[in-house]
Every structure is written in C-alpha cells, then in structure tokens.
Number of protein chains: 2
Amino acid sequence: MTVTIKDVAQAAGVSITTVSRVLSNKGSFYSEKTARKVKKTAEKLGYQKNTAAAELATQKSKAIGVVINSTQTNFSNSIIEGIQQEANEHDLSAIIVYAGVGDAQMQHRAIQTVIERSVKGILLLSVDVSTDDLALLNQAQIPYISLSQAFTDEQISYISSNDLEIGYQATSYLLNKGHRKIGLAGIDVQKNAMTGRNRLAGYEKALAEAGIKPLKKWIQYGDYSYDAGIDAMKKFGEHSGMTAVVAASDMVGIGLLNQAHDYGIAVPDDLSIISIDGTDLCKIVQPQLTSVTQAFFEMGVEGVRALESGRTTKFTSIKIEERGSVKPM
Amino acid sequence: MTVTIKDVAQAAGVSITTVSRVLSNKGSFYSEKTARKVKKTAEKLGYQKNTAAAELATQKSKAIGVVINSTQTNFSNSIIEGIQQEANEHDLSAIIVYAGVGDAQMQHRAIQTVIERSVKGILLLSVDVSTDDLALLNQAQIPYISLSQAFTDEQISYISSNDLEIGYQATSYLLNKGHRKIGLAGIDVQKNAMTGRNRLAGYEKALAEAGIKPLKKWIQYGDYSYDAGIDAMKKFGEHSGMTAVVAASDMVGIGLLNQAHDYGIAVPDDLSIISIDGTDLCKIVQPQLTSVTQAFFEMGVEGVRALESGRTTKFTSIKIEERGSVKPM
DNA sequence: GGTCAAAAAGAAAACGTTTGCAATAGCTAT
DNA sequence: ATAGCTATTGCAAACGTTTTCTTTTTGACC
C-alpha cells in the first residue's frame with residue numbers, strides 16, 4: 001500500500017540502490033539525468049521515506065530526544081525554540097516527550113521512551129534527575145545534557161545559568177540601590193538540582209559582603225510557582241520591615257506583586273521586587289518586573305550544539321533588565 | 001555494542017522468538033519460568049528495545065505526531081498535557097515537532113517529519129493548514145486532526161470550541177450586563193482557519209439580536225497577541241464611548257488592560273473586558289480577567305481518542321468564568 | 001577500433017524486530 | 001505403551017532502508 005523505494009525503483013526503471021542514493025543525496029554516485037528521473041517518479045508516486053527503516057539500516061538516528069518537565073513551562077518554550085532552530089540547522093528532528101509534573105515514574109518512563117527510539121542525544125529540560133534515571137541514562141550509552149539545571153554529581157553535564165551568580169547579582173543590584181532588608185522568595189532547596197541552593201548561596205554571599213545577616217523569615221521556600229509567591233508574601237506579612245525581595249522566578253515575582261497589592265503594599269514604592277528568569281511575563285504585569293534575565297533560547301541552541309560536538313559544561317549569559325519594580329531607597 | 005534481543009536470547013539460552021514474545025507480552029506463548037529467566041537476563045544485560053526495528057517489523061507505529069505552531073503558546077501546554085495523558089493511557093508516545101512561527105516552509109517540513117516517522121496519527125495544534133500541507137497530509141494516508149482550529153474545508157476534521165458560540169456568548173454576557181457599545185479586539189480573519197471569522201460572526205449575531213449595529217471602529221483586527229491588544233486599545237482611543245470589549249485571547253485581553261491603564265481608563269469601572277481562552281494568565285493580572293474558558297486539556301484528550309477510534313468532528317465545552325474585569329452598567 | 005580509467009548502476013547483505021508456520025515436549029486418555 | 005492433544009519453543013522470512021563490493025557503461029585518448 002505505502003509506496004517504498006522499491007516501487008520507485010521499478011517505476012523509474014533503476015535499482016533500489018540508485019533510488020536510495022539519489023533520495024538521500026549521497027554525493028555523485030549517479031548521473032544528473034537519472035537523479036531527475038528518480039526524483040520525479042518519487043514525487044509522482046508520493047513516496048515518503050520510512051525513517052524507522054533508515055535509522056535501522058544506518059544504526060544512527062537523526063533525532064534528539066527532549067524530556068521536559070511540564071511544571072515550569074513558562075520558559076521552556078524559549079528553550080524548545082532554541083533547540084528546534086539549531087536542530088533544523090543540523091538536519092535533526094526533535095522528539096519531545098513530557099515527563100508530567102513531579103511524577104517520578106512517568107519521568108522515568110519518558111526517558112525510557114526516548115532511549116528506545118535510540119536518539120542520538122538527550123536534552124533534559126528542568127528535569128530533576130533521580131538516581132534511577134541516571135542509571136538508565138548511563139546504561140543507554142546515549143549522551144545527555146541537563147538544560148537550565150545544574151547538578152553536583154560530576155557526571156551530569158549541564159548548560160544553565162550560573163545560579164550562584166544569579167542570586168548574587170540580583171541581591172547586589174538591590175544593595176546598590178540602597179536596600180538593606182532584602183528577602184528571598186520561592187526557592188526550592190530540596191531537589192537534586194542545585195538551582196535553589198546555589199541561588200540561596202549567591203544571595204547570602206552578597207548580603208555577607210555587605211555585612212548583613214538575613215533574618216530567618218526573610219527567606220521563604222517554595223516551588224517557583226505563582227502560589228509560592230503568594231504564600232511567601234503572606235509569610236512575610238503586612239509589616240515585615242523588608243524593603244526588597246528577590247523572587248525565585250517570574251511567577252513567584254507576580255505572586256508577590258499581587259499579594260502585596262492585596263495588602264496595600266505598593267510596588268515599587270513600599271517594596272521593590274526583582275525576579276529571576278525575565279520571560280515575557282515580566283512585561284505584562286503592572287508594574288513591569290525588573291529581572292535577572294536568563295538566556296533560555298541560547299540554552300536550547302547550545303544544548304544541541306553540545307550534543308553534536310561532545311560534552312561540555314557551560315554557563316549561559318545572564319543580564320539584569322531594569323523595568324518598573326525596583327526603586328532606590 | 002548495544003545489546004539486542006539476540007544477545008539476550010543467547011545469554012538466556014532460548015531463541016530470539018521467545019525473547020521477543022516475552023518482552024512484548026505476547027499472551028501465553030511461553031511458560032512462566034522462561035519468561036522470568038528472559039526478563040532477568042534482559043535486565044542484567046541492560047537491554048533496550050529498538051523501537052525503529054519494532055516499528056519496521058510490525059508496520060505500525062506506537063507514536064502519534066503533534067505539530068505545533070509556537071506562536072500562541074500559552075494554551076498549547078494544556079492541550080499537550082491532555083495529549084500526553086491520554087497517550088500514556090493507550091501506551092502511545094507523542095512526538096512533538098515545532099512548526100516555527102508563521103513560517104510556511106518550516107511548517108511543511110514539520111509535517112513531513114512526522115509523516116516520515118510513520119506515526120499512526122497526526123494532531124495539528126493551532127496550525128493554519130495550507131493547501132500544500134493538506135495535499136501532503138492526504139497523500140500520506142495517515143489520519144490527522146486539527147486541534148483548537150476549525151476549517152471550512154470539509155476534509156479537515158477538527159476538535160475545537162465552537163467559535164461562533166464563543167463570540168456569541170461573550171457578547172451576550174456583556175449585553176446581559178447592560179452594555180450596548182461593545183467592541184471586539186485582536187481577531188484574525190485572514191487565516192485559513194475559521195476561528196476569527198466565526199468569533200466575529202458570533203459577536204455580530206448577538207449584537208444583531210439586541211438590535212445593535214456595531215460601528216466599524218469597534219472591531220479591531222490583530223493576531224491574538226499582547227501587542228494586538230495594545231494596538232487595539234490605541235485604535236479605540238481614549239474616548240471611544242465603548243463600555244465593554246471582547247478580547248480575542250487572554251493575551252489580547254491583557255494588552256487591552258494595560259493600555260487602558262496607561263490611558264487612565266479603569267477596568268472594570270470605565271471599561272469591561274471579557275477575554276477568550278481562560279488560561280492561568282487571567283488569574284495573574286489585576287483585575288483578574290473574566291473569560292470564556294475553553295477546555296484545552298480536553299481537546300488534547302479527545303484528540304488522541306479520536307485518532308484511536310476513527311475520525312470525528314466535535315466541539316469541546318466552553319464556559320464563562322466570572323472574575324473581576326466586567327462590571328454591570 | 002581498441003584500451004583503460006572513471007563514472008554510473010546494481011546485487012546482496014545487514015540492521016533488530018515480529019510472526020506464520022513447523023517442530024518438539026509434555027500431557028491425558030485410551 | 002500409544003495416539004492425540006495442547007502448551008511451548010524455534011526457524012526463517014519479512015519489514016524498508018543503506019552500503020560494500022561487483023559489474024557494467026561511458027567516453028577520452030591513442
């Protein structure tokens with residue numbers, strides 16, 4: 001029923017070898033004339049390549065697997081776009097599979113799926129790799145890279161922002177604006193990924209350098225979500241005495257913003273907020289959120305490049321974008 | 001290097017047939033004892049199935065292809081989650097390919113990619129199918145369904161909201177609240193998809209039933225984006241006389257909201273806004289946006305069900321969610 | 001026209017599964 | 001013990017490509 005290379009060969013009056021060579025552009029093993037003929041009949045017959053067969057024959061895949069944790073989706077789109085663009089460049093296709101949210105079993109299964117498709121490399125998007133996952137990954141002999149999250153475990157390569165630097169710069173920025181009582185909201189320090197712990201370390205470092213010891217209540221943990229922002233603000237309370245907060249993500253920043261609004265705390269007049277991520281969300285709230293912006297698109301691009309060229313551990317750039325949510329003391 | 005079914009067979013002292021049957025759970029063609037033995041050796045050797053080979057042999061795929069237009073990404077996540085959940089249910093995996101934004105060639109190529117992987121079905125997410133795409137799709141003999149967008153072309157099955165009804169209900173809701181001068185912002189009526197035209201028709205129908213003929217300037221076209229919302233509000237101007245607007249999407253709604261804010265127009269006191277989509281974005285702006293909420297997750301679920309069961313054209317439910325952006329006259 | 005190298009084309013094996021069919025082993029009923 | 005089952009196992013072909021190795025064709029040169 002489906003038309004194969006064989007049908008094309010027959011119709012064009014050549015061997016399947018020739019058809020294969022023409023259709024996969026294998027240099028100059030054929031004449032221009034036959035090439036034209038083959039291409040035309042292929043077109044006419046509506047031939048579609050069978051990737052499964054090709055990959056089986058060549059023993060290599062033209063696909064990269066992307067495993068994505070669907071929780072923090074507001075920046076993963078940018079990463080995926082970066083991946084997609086660079087993949088196109090290398091004539092690769094991306095197979096994206098969702099790992100659910102916080103479901104260890106589903107996540108394991110997602111990894112399994114891409115491995116079984118014997119992709120040439122795996123990109124892990126905000127995936128909190130477990131020991132089991134790691135074992136599976138290593139056994140499969142397929143290169144993999146974590147995107148946007150760093151791990152202590154030496155064997156996990158990653159491409160991400162330098163989270164310590166993020167925490168440090170965000171906090172320093174506020175210090176430079178004259179703030180002294182600075183909070184940190186929404187970070188998660190329980191995960192395998194180092195993200196939360198590193199940002200916290202950066203925050204503490206900047207504060208320490210300024211001779212400030214943060215009160216315990218200045219630091220509110222959470223899962224980077226909008227609700228975590230709301231909760232953090234509630235924990236801070238209406239009269240915290242704090243003048244500025246570093247939000248662990250844009251969503252946390254917005255949660256903070258809205259709860260502050262409910263409390264009648266004006267941003268940035270009464271409270272300054274700087275959020276981490278710098279996605280488009282920052283621009284659609286009022287006031288717009290000043291942010292430490294990460295280079296998500298670039299992470300995607302660099303991810304596939306690293307897969308192509310061998311492993312690399314690398315930080316992507318960050319920059320502070322000033323909008324309207326921070327005011328000097 | 002990679003361990004195959006053959007290695008497992010050898011190590012376990014059985015034929016590859018038996019291994020194949022055990023590992024793919026083919027009923028009771030083997031004894032419990034051998035099954036255990038095979039499974040154990042497979043595990044020990046770190047065997048991973050080669051999906052390409054399996055799909056080639058069975059002539060059928062356990063994957064569905066999802067082609068997604070990356071523009072309107074704020075609701076596609078929900079759809080994808082629905083797809084993913086239902087796919088898991090059916091032991092299917094989803095291959096997601098991005099079609100870029102408004103790049104006809106890249107879109108065509110994305111469709112090509114999933115076809116070449118001979119998936120068992122294709123889901124098109126907010127893809128504005130062109131004539132060329134359609135030809136390709138039809139020729140491939142693979143069932144496909146458009147999600148979230150309907151087309152006039154009879155041959156394109158779709159699962160989406162009833163856009164006429166959306167426009168009608170949104171407008172009627174405002175009419176019931178006593179509004180008379182009602183605008184419509186951000187719709188696109190140029191595309192192949194009927195979305196924009198249907199919503200416009202619903203809007204006009206509701207107005208007509210109330211005996212109102214909309215002024216030309218009440219209707220502002222756009223591409224469903226945040227900027228389209230900003231632009232629309234600018235076109236409306238500071239003194240439009242309108243008391244309510246239907247926004248073509250949440251992003252448009254937020255654009256409207258912010259530009260209104262800049263003009264010193266209070267929402268909902270001076271202007272009511274109802275937006276179409278009802279994603280989480282509605283809840284993170286101030287005031288929260290009242291919306292006609294679409295069942296995106298359900299679209300995803302129904303999409304893979306339809307692919308499993310044969311084609312269906314079907315509308316998913318919509319409902320109005322009252323939040324803070326509409327006020328009775 | 002004959003020689004020879006280069007270019008073009010083809011035959012066949014290989015990739016790792018699944019599966020129809022054949023073969024064997026293990027029973028039960030005689 | 002034997003025929004006749006059934007439950008289990010194995011052989012070998014098939015899936016649609018790619019690629020190595022051979023063979024054929026072409027055409028440039030004398």
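- For A:Ser31 against C:dA7, a side-chain-to-base donor-acceptor contact under 3.5 Å is absent.
- With rounding to the nearest 0.5 Å, the separation of CD1 in A:Ile68 from OG in A:Ser76 is 3.5 Å.
- Residue-level contact check: A:Ser20 touches the bases, meaning some heavy atom is under 4.0 Å from a base atom.
- Along DNA chain D, read 5' to 3', the first and last nucleotides having any atom under 4.0 Å from a heavy atom of chain A are D:dG16 to D:dT20.
- A:Lys37 is linked by a salt bridge (Lys or Arg N to Asp or Glu O under 4.0 Å) to nothing, counting only residues two or more places apart in sequence or in another chain.
- Counting to the nearest Å, the C1' atom of C:dT17 and the CZ atom of A:Arg117 are 14 Å from each other.
- In this entry the distance linking NZ of A:Lys6 with P of C:dA11 reads 12 Å, nearest Å.
- In this entry the distance linking CD1 of B:Ile5 with C1' of C:dT18 reads 8 Å, nearest Å.
- No engagement by B:Glu32 is indicated, since no non-hydrogen atom pair under 4.0 Å with the nucleic acid exists.
- When each of A:Gln59 and A:Thr17 is assigned the nucleotide of DNA chain C with its nearest heavy atom, A:Thr17 is the one assigned upstream, toward the 5' end.
- As a whole-Å value, the separation of A:Lys33 NZ from C:dA8 P is 11 Å.
- Contact annotation: the side chain of A:Phe151 approaches that of A:Val129 to within less than 4.5 Å [non-hydrogen atoms, C-beta and beyond].
- The environment of CD in B:Gln10 is sparse: at most 12 heavy-atom neighbours from other residues, nucleotides or ligands sit within 6.0 Å.
- With sequence neighbours excluded, no residue forms a salt bridge (Lys or Arg N to Asp or Glu O under 4.0 Å) with B:Glu43.
- Position along DNA chain D of the nearest nucleotide to B:Thr18 versus A:Leu56 favours B:Thr18 as the more 5'-ward residue.
- With sequence neighbours excluded, no residue forms a ring pair (Phe, Tyr, Trp, His ring centres under 6.0 Å) with B:Tyr158.
- Dense packing is recorded around CD of A:Gln139, with more than 12 heavy atoms of other residues, nucleotides or ligands lying under 6.0 Å away.
- Counting non-hydrogen atoms under 4.0 angstrom, B:Thr58 reaches the backbone sugars and phosphates but no base.
- Residue A:Ile16 contributes atom CD1, which lies 15 Å from atom P of C:dA9 at whole-angstrom precision.
- Listed by chain and residue number, B:Arg36 satisfy the salt bridge (Lys or Arg N to Asp or Glu O under 4.0 Å) test with B:Glu32 (two or more places apart in sequence, or in another chain).
- B:Lys49 places its NZ atom 9 Å from the P atom of C:dT17, with the value rounded to the nearest Å.
- If you check residues 34-46 of chain B against DNA chain C, you find no residue with a heavy atom closer than 4.0 Å.
- With a 4.5 Å cut-off on side-chain heavy atoms, A:Ile142 and A:Leu137 do not count as touching.
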